[in-house]
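To start, the structure itself, in structure tokens.
If you're wondering where the values come from, they're calculated on a predicted model, not measured in any experiment.
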Amino acid sequence: MSYPEPATSGEPAPAPPPRSRKIPPHRSPAFYLGMLAATVVTTFLSGLFLIDPNAAIVSPAMDALTFPAALLSILLAHELGHFLACRRHGLDATLPLFLPGPPFPIAIGTFGAFIRIRVPIRRRGQLLDVGAAGPLAGFVPALIWTYFGLLLSHVGPVTGEEGMIFGESPLFMLLRHALFGALPDGQDVFLHPMALAGWLGLFVTSLNLLMAGQLDGGHVVHALFGRYHRVISRTVFAGLVWWGVLGDPLLKNWYHWPVMAGLLLWSVVLCFRTGRRKLDRNIFIGLVLLHIGLQMALAEASSSSMWLVWGLLVYLFGLDHPPVSDPDQPLSPLRRLVGVLCLLIFIGTFMPLPIRITG
């Protein structure tokens, strides 16, 4: 997407005309409540799978219920942050829509939640307010649930059997060390479902704050740095692809190397492309699927591959950001402080290898 040059007369650049597309009507509140109820059920089933009956504080069912209660409250706070910021600025937005999903061990019982902003955001201050409101609102309950969930967790021996090891962000590591201290060799913290929900909340916060495309972090970066968003977004995109391919050191078979090299080089090519080409997209999707297919066929499950998939999603949703009508309008000191706070939260919640499979 090309960006218009600022007007030489000092007047703000005119806003681009809205796209001619049919906007679907608002759904009834009953639809959103029904999707929320379905998500409560699927996440509760995940909690039942996650809870250790021998380590239950009250009862397995009650302890399992803490997982949907914590996780859905984090997601709800995040989306309500966006929704209320939209209402404050008079922007038309839908209610939060929850998406149920398969429970553990296939998934976590939900594919998340989202709102749809039905009108373009045209002003710089609005963009920062809406982009930052969700991560900031969701971060607070995620931190609270993580703390109390760790209090309910326990330290035990690592048996070496097949299982999942959850990575630690700098913030999670500080909380774990404050509550449990240095762990002895062969010991680890076994997370209570409430703690796992808090961990997921922090992880989702870091994903949304990735400084690329039209993610929440992309909104914040575009509001803070304007035209530099293009460079930052493409750098983050290339970083996701390169880390997704090379971040988890494994012994690769020689016939996997050309696919890996093709992915790395093509991601750099895409960073210099202008506009959106169907052929570019299809080549990228094909290389990603071939890379992951070879990993599965060669039993080379990589913990960093999720970043490659996330880089693909960022590209599909768009590396560029629609321009605002007042790019030269300065942000208030408070808004700049909020933007810097979002960047600090991203650093504190980011983890290079979120989940590793052992055994």
Side-chain angles (χ1 to χ4, degrees), residues 73-97 112-146 169-171 198 200-233 235-237 240 310 313-314 317-351:
S73 67
I74 295 169
L75 296 178
L76 181 62
H78 182 109
E79 298 307 327
L80 282 179
H82 289 312
F83 179 78
L84 294 176
C86 288
R87 295 295 295 268
R88 177 174 175 265
H89 288 289
L91 302 173
D92 186 19
T94 65
L95 292 171
L97 177 62
F114 69 94
I115 68 168
R116 182 172 182 174
I117 304 175
R118 298 159 60 85
V119 294
I121 302 176
R122 296 302 188 192
R123 303 190 67 83
R124 192 179 177 192
Q126 293 176 347
L127 185 64
L128 189 138
D129 291 350
V130 174
L136 292 179
F139 173 74
V140 175
L143 191 61
I144 294 173
W145 286 119
T146 300
S169 63
L171 183 58
L200 287 167
L202 295 176
F203 180 49
V204 168
T205 299
S206 70
L207 288 179
N208 279 280
L209 285 176
L210 283 170
M211 297 171 285
Q214 299 185 49
L215 298 173
D216 293 339
H219 293 328
V220 172
V221 166
H222 191 270
L224 286 176
F225 305 115
R227 67 187 65 183
Y228 296 106
H229 172 276
R230 181 182 178 87
V231 175
I232 297 172
S233 177
T235 302
V236 172
F237 161 72
L240 290 173
W310 198 255
L313 293 175
V314 168
F317 282 109
L319 297 179
D320 291 316
H321 197 288
V324 293
S325 61
D326 56 346
D328 298 321
Q329 183 70 28
L331 295 173
S332 67
L334 179 59
R335 283 191 168 121
R336 289 191 175 276
L337 180 62
V338 169
V340 172
L341 179 60
C342 287
L343 300 182
L344 292 176
I345 290 176
F346 170 74
I347 295 172
T349 55
F350 181 77
M351 56 191 82

Is there a donor-acceptor contact under 3.5 Å from the side chain of [X] to the main chain of [Y]?
X      : Y      : value
His78  : Gly134 : yes
Arg124 : Gln329 : yes
Ser233 : Gly213 : yes
Ser206 : Phe350 : no

What distance separates [X] [atom1] from [Y] [atom2], expressed to the nearest 0.5 Å?
X      : Y      : atom1 : atom2 : result
Leu209 : Phe139 : CG    : CZ    : 10.0 Å
Leu224 : Arg335 : CG    : CZ    : 11.5 Å
Leu75  : Leu80  : CG    : CG    : 11.0 Å
Arg116 : His82  : CZ    : NE2   : 15.5 Å
Leu319 : Thr235 : CG    : OG1   : 10.5 Å
Asp326 : Arg123 : CG    : CZ    : 4.5 Å

Of all the heavy-atom pairs spanning [X] and [Y], show the shortest one and how long it is.
X      : Y      : value
Thr205 : Pro135 : CG2-O, 4.1 Å
Val338 : Ala132 : CG1-CB, 3.7 Å
His229 : Ala212 : NE2-C, 4.5 Å
Leu215 : Asn208 : CB-O, 3.7 Å
Gly81  : Ala137 : CA-CB, 4.1 Å
Pro120 : Leu91  : O-CD2, 4.5 Å

Any side-chain heavy-atom pair of Gln214 and Pro322 under 4.5 Å:
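Gln214 vs Pro322: side chains touch.
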Does the side chain of Ile345 come within less than 4.5 Å of Leu341's, by heavy atoms?
yes
Verify side-chain contact (heavy atoms from CB on, under 4.5 Å) between Val204 and Ile74, making sure each step is shown before the conclusion.
CA-CA 9 Å; Val204 168; Ile74 295 169; over 6 Å; no
With under 30° as parallel and over 60° as perpendicular, where do the rings of His321 and His219 fit, or are they tilted in between?
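Taking His219 first and then His321, their aromatic rings stand perpendicular (interplane angle over 60°).
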State which residues pass side-chain contact (heavy atoms from CB on, under 4.5 Å) with Ala85; sequence neighbours excluded, sorted by chain then number.
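With sequence neighbours excluded, Ala85 shows a side-chain contact (heavy atoms from CB on, under 4.5 Å) to Val130, Ala133, given in chain and number order.
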Heavy-atom neighbours of Arg87 CZ exceed 12 at 6.0 Å:
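No - once you tally the heavy atoms of other residues, nucleotides and ligands closer than 6.0 Å, there are 12 at most.
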Apply side-chain contact (heavy atoms from CB on, under 4.5 Å) to Leu343 and Met211, showing your working.
CA-CA 9 Å; Leu343 300 182; Met211 297 171 285; 3.5 Å; yes
From CA spacing to verdict: side-chain contact (heavy atoms from CB on, under 4.5 Å), Arg118, Thr94
CA-CA 8 Å; Arg118 298 159 60 85; Thr94 65; 3.9 Å; yes
